[in-house]
**Q** 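After the structure tokens below, expect a handful of questions from me.
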2 protein chains.
Amino acid sequence: MPRRLAAPKQVIKRLPVYLRILDDLVRRGIKVVSSRELSAASGFTAEQIRKDLAHFGAFGTRGTGYNTTFLRDKIIQIIGLDRPTNIIVVGAGHLGKALTRYNAINNPYVNIVGVFDTDPGTVGSRIGSLKILHLLKIPEFVKRYCVRVAIITVPAEAAQQVVNQVTGCGVKAILNFAPAQLQVPEDVHIHNADLTTELQSLIYYATPGK
Amino acid sequence: MPRRLAAPKQVIKRLPVYLRILDDLVRRGIKVVSSRELSAASGFTAEQIRKDLAHFGAFGTRGTGYNTTFLRDKIIQIIGLDRPTNIIVVGAGHLGKALTRYNAINNPYVNIVGVFDTDPGTVGSRIGSLKILHLLKIPEFVKRYCVRVAIITVPAEAAQQVVNQVTGCGVKAILNFAPAQLQVPEDVHIHNADLTTELQSLIYYATPGK
DNA sequence: CATTGTGAACGGATTCACAGCC
DNA sequence: GGCTGTGAATCCGTTCACAATG
């Protein structure tokens, strides 16, 4: 029985990587995998992988390794992907549209159920089968579909207001692409994925003087 | 004189945040800022900000704070943004195109100088003023423009091959959007910004059972 | 006297080493 | 014999407390 204790943030960031590797192993018909093999596939150390999993239970067999299907299903449960997760995208510019399409193709566990914008020229058009709605529709929509995760791709100036709006109606986790440091309530998690800062910090490592 | 000692990765990730805040303060004509004010604007603690900056020198004035313009210019130097940085985007799908446009608008310090793809229907078309080139042109291009940073937005199956190609001709830092764990040489930095894993780890925090 | 810069204390995550088990 | 699970040791970044100083 997985104990849902507070696991370190870094552990939580690695679980989806394990999940992807296990998905691939299961697809290839491989039944058992050792922490050493997972290490080779993920780049994390074998000890770290074992410790990570130990936060949630003992899923392996000593002398043998981990049953791939069993471990995959456990990780799905731990992350909370065993129930369908509905998320919304706020901001339907080029980036918002691209992320929506990208996710539909690449993420088997997560459904984008709504895309929102304010631009009258954008509202009403479609991304795949999704119609872009006005931001004013967010509260009603979030409640109807029990949305708890939002992706924000609006301009920096509008981002804080959008955050206030979505956290106000039940969203508990935000993936923020706007180049801004945003304030969120205590119980809301936000992850900044701003391309600008990401690229700038990479440049530090690429500069000739090491 | 900034000592270019090894600074923790986490410090390097915060520098661009400080830079953005300082850019804004300078634009608003504010001459001096304290670590406490930077803390309020960034969400990091004042002590942490002072320690971060101390890795590179003593840039403040005791009793007063930091000169905004001076500190901004120092951070630009430390990151390596004082010389123009040319980067390329490999993969001109929806995401690659969106990131290219996004960066042109939002990142004053970084120029995307080339975009590459293999699809015959895509090669030859344009994103803004940039013509999309075939991947075969990468080596020549990277050398001509001294490119040391690449953004990768190709499908997962093609990502490792692209990494091998670009690291083979001088690229030292990679921002990877493909859902894959990639192998890079010792001296190359890679940062994974895969939407799939990012979203999945957020879902852990959004699940009702905390 | 407010604020920086920093050694010391703290805490948390990773690594090590090995006991436990198939 | 081989691999997992885990307490102990280690490492590293953050926080604390205060000395230094314009």
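Order of the sequence lines sets the chain letters (A, B, ...), proteins ahead of strands, with each chain counted from 1.
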**Q** Heavy atoms, side chains only, cut-off 4.5 Å: are A:I88 and A:I151 in contact?
**A** no

**Q** When you compare the protein's N or O atoms with those of nucleotides 18-22 of chain C, which come within less than 3.5 Å of each other, and at what distance?
**A**
unit_1, atom_1, unit_2, atom_2, d
C:dG20, O4', A:R62, NH1, 3.4
C:dG20, N3, A:R62, NH1, 3.0
C:dC22, O4', A:R62, O, 3.2

**Q** Can you confirm whether the side chains of B:Y109 and B:D23 place a donor and an acceptor under 3.5 Å from each other?
**A** yes

**Q** Any side-chain heavy atom of B:V163 sitting closer than 4.5 Å to one from B:I174?
**A** yes

**Q** Describe, in one word, how the ring planes of A:F44 and A:Y18 are oriented to each other, choosing from parallel (under 30°), tilted (30 to 60°) and perpendicular (over 60°).
**A** perpendicular

**Q** Does any pair with a residue in residues 137-178 of chain A pass ring-ring contact (aromatic ring centres under 6.0 Å, His included), and if so which ones, sequence neighbours excluded?
**A** A:F116-A:F141, A:F141-A:Y145

**Q** Please state how far atom CD1 in A:I49 lies from atom P in D:dT4, giving the value in whole angstrom units.
**A** 9 Å

**Q** Measure from CZ on B:F59 to C1' on C:dT3 and round the result to the nearest Å.
**A** 17 Å

**Q** From CG of A:L71 over to P of D:dC3, roughly how many Å is that when rounded to an integer?
**A** 16 Å

**Q** Expressed as a whole number of angstroms, how long is the span from B:H55:NE2 to D:dT14:C1'?
**A** 11 Å

**Q** Is any side-chain N of the basic residue among B:E47 and B:K51 closer than 4.0 Å to the acidic one's carboxylate O?
**A** no

**Q** Check the distance between C:dC1's P and B:R36's CZ and give it to me in whole angstrom.
**A** 16 Å

**Q** Should B:I87 and B:N111 count as side-chain neighbours, where that means a heavy-atom distance under 4.5 Å?
**A** no

**Q** Any heavy-atom pair between the side chains of B:R72 and B:N67 that's under 4.5 Å?
**A** no

**Q** Grab the CG-C1' distance between B:L53 and C:dT3 for me, whole Å please.
**A** 14 Å

**Q** In whole angstrom, give the distance that lies between atom CD of A:Q48 and atom C1' of D:dA9.
**A** 17 Å

**Q** State whether A:Y66 places a side-chain N or O below 4.0 Å from either non-bridging phosphate oxygen (OP1 or OP2) of D:dG5.
**A** yes

**Q** Within the structure provided, determine whether A:P16 and A:I79 are in side-chain contact (heavy-atom separation under 4.5 Å).
**A** yes

**Q** Does anything in residues 14-35 of chain B reach DNA chain C, meaning a heavy atom under 4.0 Å, and if so which residues?
**A** B:S34, B:S35

**Q** Could you go through nucleotides 7-9 of chain C and list every protein N or O atom that sits under 3.5 Å from one of its N or O atoms, giving the distance for each pair?
**A**
unit_1, atom_1, unit_2, atom_2, d
C:dG7, O6, B:K51, NZ, 2.7

**Q** Residues in salt bridge (Lys or Arg N to Asp or Glu O under 4.0 Å) with A:R14, at least two apart?
**A** A:D52

**Q** What is the separation between atom CG on B:D52 and atom P on C:dT6, rounded to the nearest whole Å?
**A** 13 Å

**Q** Which residue pairs pass the side chain to side chain donor-acceptor pair (under 3.5 Å) test with at least one member in residues 25-43 of chain A, sequence neighbours excluded?
**A** A:D24-A:R27, A:D24-A:R28, A:S34-A:E37, A:S35-A:R50

